[in-house]
Amino acid sequence: MIDKFTDRPHNVLNNTLQDLLMKPDYLQSSKSSLKASMDYHLRCSLCKEASSKECRDLFLATAFSLRDQMTEKILETERRYQQAKAKRVYYLSMEFLIGRLLGDALHNLGLIDVCRNVLADAGIDIEEVQEQENDAGLGNGGLGRLAACFLDSMATLSIAGFGYGIHYEYGLFKQEIDNGYQKEKPDNWLAEFNPWEIKRTDEKCIVPIYGRIEHFQDRAGDYNPMWLDWKVIMGIPFDTPVVGYGGKTVNWLRLYGAGSSTDFDIQIFNEGDYFRAVEQKVASETITKMLYPLDTLKSGKELRLVQEYFLVACSLRDIVRRYLKDHENFDRFPHAVAIQMNDTHPSLAVAELMRLLVDEYALPWDHAWELTQKTLAYTNHTILSEALEKWPVSLLEQVIPRHLQIIYEINARFLQKVTYLHPGNVDLLRRMSLIEEGENKQVRMAHLAMVGSHSINGVSALHTDILKKNNFADFHAMWPDRFVNITNGITQRRWLLKANPQLAQLISKTIGDAWITDLSQLKRLEPYADEPAFQKEFRKIKLANKERLGGTISRTAWITVNPESLFDVHVKRIHEYKRQLLKVMHIIYEYLRIIRGEKKHTVARTFIFAGKAAPGYWVAKQMIKLIHNVGQVINSDKRVQDALKIVFLPDYRVSLAEKIIPAADLSEQISMAGTEASGTGNMKFMLNGALTAGTLDGANVEMLEEVGAENIFIFGLKAEEIAEMERKSSYRPTEYYHRHPEIRLVIDAFRDNVFSPSEPGLFQWIYHRFMNEEDYYFHLPDFISYIRVQEKIEKEYRNTASWTKKAILNIARSGKFSSDRAVSEYAGLIWNTESVKEG
Ligand code: 26V
């Protein structure tokens with residue numbers, strides 16, 4: 001009898017299973033071996049019948065099967081790195097927004113079709129199985145997702161690059177919507193077991209914290225401070241394999257969870273204080289309980305500082321331990337190791353590396369400093385002043401007293417250098433100091449990161465330019481060569497191959513599949529941009545993606561949308577600088593003009609929003625409520641039922657983005673110029689054939705350069721124009737209000753409760769803000785050019801062939817925005833490392 005799963009006689013299958021139980025020799029990619037491996041794991045790892053059709057069981061069995069392959073490859077990759085004496089790159093980040101891993105792993109291992117077939121034979125849809133996986137939401141947004149894309153690219157390029165982060169028990173909160181208001185729910189993503197990670201108790205480390213400094217002298221009479229009475233936290237590593245495309249190289253992401261030291265507990269136990277011992281254990285474990293959401297208010301939370309220190313302390317111990325396995329002293333440290341600090345969150349690495357080298361390995365200060373600077377590099381991801389990290393000196397003194405001492409020493413030596421270069425310039429000293437003076441002294445973490453690194457990079461050309469000219473101008477004047485730009489990128493494996501399989505297939509059918517590892521190949525699509533047959537296929541795929549998203553919308557937001565309408569999409573974190581309000585004002589303008597008979601609607605639009613607001617950020621939460629209320633009024637108004645629909649999809653996360661982005665016609669990237677460091681969503685939309693309505697901000701500037709002005713809709717003031725208006729304090733919102741009837745129409749609607757008929761006054765704060773000249777993100781100066789560009793969009797969308805051509809050209813010209821390009825630039829310009837390929 002032939003087994004329908006394996007195409008083999010039953011007795012052969014039984015033999016295979018027998019073999020498996022003795023010697024797991026199933027690391028091949030054929031259908032039968034994957035099926036056999038899944039059966040094995042159903043039985044032996046999950047204690048379920050091999051015939052189980054539970055999607056959860058099948059998800060776990062598939063994941064275990066893939067993990068087997070990956071762990072084997074990790075060892076092989078490690079041997080290759082060892083043999084080549086590869087320089088190792090450690091990417092330190094408080095966030096890794098990796099989302100789901102199954103689909104990614106299947107694509108990268110080349111098993112997606114095999115797995116689809118295995119499951120289809122059992123009558124199961126692979127997508128249903130993929131839906132079983134919880135997103136690993138270990139990040140807030142762009143910064144964390146960038147880290148995840150970089151991991152994929154490093155593995156694909158066979159760079160010995162590893163992520164180091166925190167094993168949060170709770171990821172970013174889940175968002176629910178109640179009467180239009182955001183409600184936060186805990187994201188207990190590990191509740192149902194995470195099949196990818198491997199807990200490495202054998203590689204745990206000890207981290208000292210708190211305590212006090214005693215000022216001793218050594219035998220030679222030199223100052224020798226001692227850090228005493230510290231407490232102990234244990235750092236327990238959890239490793240997740242990161243498989244590169246083609247499955248040849250498998251790196252890993254190491255996330256540290258905090259635990260209590262058993263020795264420490266035993267001491268308290270022995271003192272007979274059982275409850276204190278348990279308290280101690282719970283307190284330690286709290287450190288990695290949850291990821292902090294971005295908040296507007298400077299919270300100065302001790303626990304967050306402890307998290308940042310914990311990450312740095314665990315990572316550096318591990319990095320040094322690995323290094324010392326093959327080296328006798330530290331002389332080659334910067335040749336063997338590169339450490340990238342993802343924003344200032346891990347910038348205590350500067351002080352911790354100095355402490356390790358000077359205190360624990362007894363290196364002279366100057367030598368230690370040279371090694372530290374040569375090893376570390378810093379990426380800046382934001383210039384928003386409220387997001388620049390500063391920690392109170394008093395808090396550092398309490399939590400990590402020795403590190404504070406070291407920071408003071410670094411500062412003293414640094415200021416000496418500044419004084420030497422600019423004698424008598426006290427103002428410059430005050431500006432550049434690592435310590436902000438004042439009633440409550442604070443450590444400026446960006447200054448610490450810059451002083452302690454050999455490289456400082458911004459994440460788009462415009463952003464790097466702004467860093468050099470404004471925020472870090474003094475540092476740039478001192479070290480012009482230390483500043484580099486590396487424009488962000490995204491991995492096409494997740495954001496096209498996996499998220500938009502039909503489009504990926506069409507592209508591969510047309511130009512071959514080299515684009516999967518070389519995105520510049522997409523250029524070869526250009527000749528097809530106005531070819532009717534290709535256009536037709538592209539449109540068919542776009543429509544199918546829109547229909548699919550329509551299904552998600554009706555299930556999660558209970559709104560029926562027309563897939564033939566223009567999908568106009570604004571999805572990202574909710575923040576004033578990203579200007580969701582500008583989008584809402586445009587919608588209100590359209591609506592009021594149609595119902596007043598001033599405009600005949602021509603193009604039906606579905607406006608799609610998604611995004612989380614920080615729990616303590618009132619304005620952002622009001623924006624969510626506003627979007628819902630405007631939606632309620634407009635969606636239920638028969639006069640516009642064929643013209644306008646507004647949707648807010650709850651709980652924006654990586655897996656939802658994967659459904660939304662392939663379905664977009666228009667991508668809204670409308671931040672106030674000079675505020676969005678780069679943006680990466682903008683690139684994902686472009687890659688999936690959406691056109692962009694955008695300001696000249698972040699990477700939009702470079703998208704314009706790549707795609708050409710006729711294929712992107714740019715509007716609004718430029719960053720320098722805004723900076724100039726801010727310098728002169730010349731902007732008066734009320735002047736715009738009085739000058740432009742279009743603006744009055746919209747703003748008066750907030751005053752007149754048009755969108756809160758049953759809650760008068762709810763949105764009047766928006767009206768008052770404008771009237772009080774408080775429009776910090778320049779909505780009004782950009783409004784008129786925004787509605788004009790939207791009129792143009794509408795006109796162009798009606799010409800289907802020309803719109804489709806533009807969409808295809810966007811795809812064809814998106815090659816620059818691959819994270820493979822970005823990571824290669826890091827490797828060349830900052831890390832001084834290269835690929836270690838097989839063979
Ligand atoms: C931090 C904070 C902290 C408190 C106040 C509100 C606020 C707003 C933004 C941020 C930014 C956190 C860092 C971050 O995620 N930056 C993003 O990094 C992306 C990757 O480089 C980049 O594409 C985005 O433009 C940038 O916002």
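One-based numbering, in listed order, for ligands and for the atoms of each.
Shown here is K183, whose NZ atom has more than 12 heavy atoms of other residues, nucleotides or ligands within 6.0 Å. Residue-environment remark: NZ (K468) exceeds the threshold of 12 foreign heavy atoms within 6.0 Å.
Under 4.0 angstrom from ligand 1, the non-hydrogen atoms of V459 all belong to its side chain. Under 4.0 Å from ligand 1, the heavy atoms of N488 that appear belong solely to its side chain. Contacts between Y617 and ligand 1 below 4.0 angstrom, taking non-hydrogen atoms only, are absent altogether. Of the heavy atoms in H575, only side-chain atoms (C-beta onward) come closer than 4.0 Å to ligand 1.
Side-chain contact of N342 with H381: a donor-acceptor pair under 3.5 Å is present, judged by distance alone. A side-chain N or O of Y577 and one of E676 form a donor-acceptor pair less than 3.5 Å apart. Residues D187 and Y168 bring no donor and acceptor atom of their side chains to less than 3.5 Å of each other.
Checked by distance only, ligand 1 and D343 stay at 3.5 Å or farther apart across all their nitrogen or oxygen atoms. Distances between N or O atoms of G679 and those of ligand 1 include at least one value under 3.5 Å. For H381, a nitrogen or oxygen atom sits less than 3.5 Å from a nitrogen or oxygen atom of ligand 1, counting backbone and side chain alike. Considering both main-chain and side-chain atoms, K578 never comes within under 3.5 Å of ligand 1 through any nitrogen or oxygen pair.
Remark: D135 does not engage K174 in a salt bridge, criterion side-chain N to carboxylate O under 4.0 Å.
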